[in-house]
Amino acid sequence: MAYDAQFLSTSLSFHSFYKSVPQGFRQSKGLSLLLVNSRINRNKQTRIFMEMQGNESPTTSNQSTINIPHVLTVAGSDSGAGAGIQADLKACAARGVYCSTVITAVTAQNTVGVQGVNVVPEDFVAEQMKSVLSDMHVDVVKTGMLPSIGIVKILHQHLREYPVRALVVDPVMVSTSGDVLAGPSVLAGFREELLPMADIITPNLKEASALLDGVKIKTVSDMRSAAKLLHDMGARNVLVKGGDLPDSLDAVDIFFNGEHLYELRSSRIKTRNTHGTGCTLASCIAAELAKGASMLEAVKVAKCFVETALDYSKEIFIGNGPQGPFDHLMKLKSNAHNSGRQVRFNPSDLFLYAVTDSGMNRRWGHSISDAVKAAVQGGATIVQLREKDIETRDFVEAAKSCLQICRAHGVPLLINDRIDVALACDADGVHIGQFDMPAHTARALLGPEKIIGVSCKTPEQAEQAWIAGADYIGCGGVYPTNTRQTISLLAWTLPVVAIGGIKVSNARPVMEIGVPNLKGVAVVSAIFDSECVLTETRKLHAVLTEATAAVK
Ligand SMILES: Nc1ncnc2c1ncn2[C@@H]1O[C@H](COP(=O)(O)OP(=O)(O)O)[C@@H](O)[C@H]1O
Ligand SMILES: Cc1ncc(COP(=O)(O)O)c(N)n1
Ligand SMILES: [Mg+2]
């Protein structure tokens, strides 16, 4: 049996892991585990070195302890294991977070529908809740099926007695198969008790409509209005999910934080295996919040996770009904299957790609983090730190502060060339050139989740990058030279970002090339060689948005 660090971080507490190691192995070998970039402490950006010598127990006094991010799900069991508690457990495991469970109902359910529901007595729901909350440190509570008003009230009381960092409410009412899981009597409980406590509420179209007294929600514009109305009812953040939006080629969700409305789009995966998408999304949001992500970042990661899992599982066949489950744990499968797919990478993030330059920052008296902050506030959708003449120690420090800024805005941060710096600060990935470390070696070091971009000048280089597991290619020399070769590269299968001499005045024709893989433009001087990085970024963002709308 192999004991691997990833497995440890996803499934077991340190102590139970230790206990699971055979006695002989512990005594004869001692056990050293190096968790690099462990998800356990992602937000603290720490490397954890755990050493267990001989048969010394981890509970001895000189042993430091590790707090694993912890989500408690309060939901119903699905015997078919596609949705409910079972989906929550798998989603949290896949995201590297511990998940405890309070079961509110047991359903007899499969891919055909819900054949029966047995509601757990209220005092026993209370007992489960007390058992978990009085003993364990829970970071985030996520709710799913709450089949009676009494259970809603019990939840409310316990959350007041044992406050947690965040409450994610998935107001489950009807399963995708059309079966009722929580009747209208629960609506009042959601409205009065849970919404005002919720950090985020994640209704699908039917649920949003029910919470808003039956208002019709049929278009993205209806979803936007619904998100605002639900926010007015007390939820701090609202995500109206559009999985069931008729006639939509994309899977569109609307996120509203009381200030800004975000339209989150991903491609709609053609598959029958969508049972449990809602439960998974909410658990994934809870898991990311438990790890310390901002709300927008958590929502984006969760959506990307659902899309990736659906895509990975589109052909699996479980059960004979119309709605199959999908595979949450695709990451554990062989790399050959994964072919380097990224959970965290969304090609549309390449839209306005800001690449820093230390010379320009010096010229205008900007620190790296001030320049990055302005770019992100101006609408940059991804940032790359390209610092050629900086001490490694300073680079790591600068990268850490830029990472905080970027995470707060849900914008990925990549490091140019320096895999070591990316690892040290737990950046979202790297951008490498043809003379840097080979992409497949970078992939092996960074693992399957990080973003890897490669600068390519020829189709052969692009093919190599693709084989090595790159997520996108940077295609250089758009201006002033080499346009024909550039266009042939843009037709390549990986998402492409165009680089080279692009500025506000000439960005439009690049976007208007209209090649589907061309996801955006990367710029350095257009935004950073200026006194006001914010204004220049805003201008460029406006041009790109206009050009994209014109192409559509
Ligand atoms: N076919 C699909 N392809 C990609 N994403 C999808 C698909 N169906 C649903 N989603 C996404 O899954 C999440 C759950 O949405 P939805 O299915 O509407 O919720 P529920 O399961 O509660 O009905 C949303 O982020 C939605 O956009
Ligand atoms: C126990 C339980 N909880 C929640 C859902 C909703 O999931 P979905 O909307 O994907 O059917 C479900 N079907 N069963
Ligand atoms: Mg669904």
Side-chain angles (χ1 to χ4, degrees), residues 6-7 9-12 39-40 42 68-104 107 109 138-145 164 166-172 175-176 199-202 204 239 241 243 251 253 264 266 269 271 273-293 295 297-314 316 318 323-333 338 341-344 448-449:
Q6 180 72 26
F7 178 65
S9 75
T10 56
S11 335
L12 294 173
R39 292 279 167 203
I40 297 175
R42 213 193 133 80
I68 294 187
H70 186 147
V71 169
L72 163 62
T73 171
V74 182
S77 157
D78 166 5
S79 54
I85 287 279
Q86 289 81 354
D88 298 344
L89 282 166
K90 286 184 277 187
C92 285
R95 300 306 308 162
V97 165
Y98 191 87
C99 182
S100 53
T101 57
V102 165
I103 300 184
T104 57
T107 71
Q109 190 172 175
V138 171
D139 294 292
V140 178
V141 168
K142 175 253 157 187
T143 68
M145 178 176 177
V164 292
L167 172 65
V168 175
V169 174
D170 183 17
V172 170
S175 75
T176 322
D199 291 280
I200 183 167
I201 174 166
T202 63
N204 62 21
L239 183 75
K241 301 173 295 190
D253 298 346
L264 305 175
S266 63
I269 310 297
T271 176
N273 299 326
T274 56
H275 177 52
T277 45
C279 306
T280 302
L281 187 85
S283 292
C284 213
I285 293 172
E288 296 307 310
L289 292 175
K291 285 189 268 181
M295 188 58 82
E297 188 191 13
V299 168
K300 280 173 125 182
V301 168
K303 181 154 175 63
C304 191
F305 177 82
V306 170
E307 183 199 4
T308 309
L310 289 181
D311 191 35
Y312 179 86
S313 319
K314 59 184 175 234
I316 64 174
I318 296 171
Q323 258 231 322
F326 57 94
D327 186 353
H328 296 73
L329 299 171
M330 68 255 169
K331 251 195 344 184
L332 300 181
K333 304 290 156 39
N338 258 344
R341 253 199 85 85
Q342 299 304 293
V343 173
R344 289 174 60 80
E449 288 210 291

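Atom set for the values below is all heavy atoms of this structure, side chains included, hydrogens, waters and symmetry mates excluded.
Asp88 and Ser283 share a side-chain donor-acceptor pair at under 3.5 Å.
When every heavy atom of Lys241 is checked against every heavy atom of Gly278, the shortest pair comes out as NZ-CA, 3.6 Å. The shortest non-hydrogen separation linking Val169 to Thr143 is CA-OG1, 3.4 Å. Here the closest heavy-atom approach between residue Phe326 and residue Gly276 is recorded as CE2-C, 3.9 Å. Closest approach of Ala298 to Ile285, counting heavy atoms only: CB-O, 3.8 Å. Across every non-hydrogen atom of Ala94 and Phe305, the tightest pair is CB-CZ, 3.7 Å. Between Ala251 and Lys303, the closest heavy-atom pair is O-NZ, 3.0 Å.
Leu72 is not listed as a side-chain neighbour of Val164, based on a closest heavy-atom distance of 4.5 Å or more. A heavy-atom distance below 4.5 Å is found between the side chains of Leu289 and Met295. Residues Arg95 and Val71 have side chains not in contact (no heavy-atom distance under 4.5 Å, counting atoms from C-beta outward). Using a 4.5 Å cut-off on side-chain heavy atoms (C-beta onward), Asp139 and Val97 make no contact. Looking only at side-chain heavy atoms (C-beta outward), Met145 and Thr107 come within less than 4.5 Å of each other.
Side-chain atoms of Gln86 come within 3.5 Å of backbone atoms of Asp78 as a donor-acceptor pair (strictly under, hydrogens ignored). Of the possible donor and acceptor atoms, one in the side chain of Lys90 sits under 3.5 Å from a partner among the backbone N and O of Ala81. For the pair Thr101 (side chain) and Ile103 (backbone), a donor-acceptor distance under 3.5 Å is absent. Distance alone, capped at 3.5 Å, places no donor-acceptor pair between the Lys291 side chain and the Gly96 backbone. Between the Asp170 side chain and the Ala282 main chain, no donor and acceptor come within less than 3.5 Å of each other.
Residues satisfying the side-chain contact (heavy atoms from CB on, under 4.5 Å) test with Ala87, not counting sequence neighbours, are Cys279, Thr280, His328. Considering only residues two or more places apart in sequence or on other chains, Asp199 meets the side chain to side chain donor-acceptor pair (under 3.5 Å) condition with Arg236.
Under a 4.0 Å N-O distance rule, the pair Lys300/Glu297 does not qualify as a salt bridge.
With rounding to the nearest 0.5 angstrom, the CG atom of Leu239 is 6.5 Å from the OG1 atom of Thr202. A distance of 12.5 Å separates CG in Asp327 from OG1 in Thr308, rounded to the nearest 0.5 Å.
Shown are Pro69, Cys284, Cys99; of these, the side-chain contact (heavy atoms from CB on, under 4.5 Å) with Cys92 is made only by Cys99.
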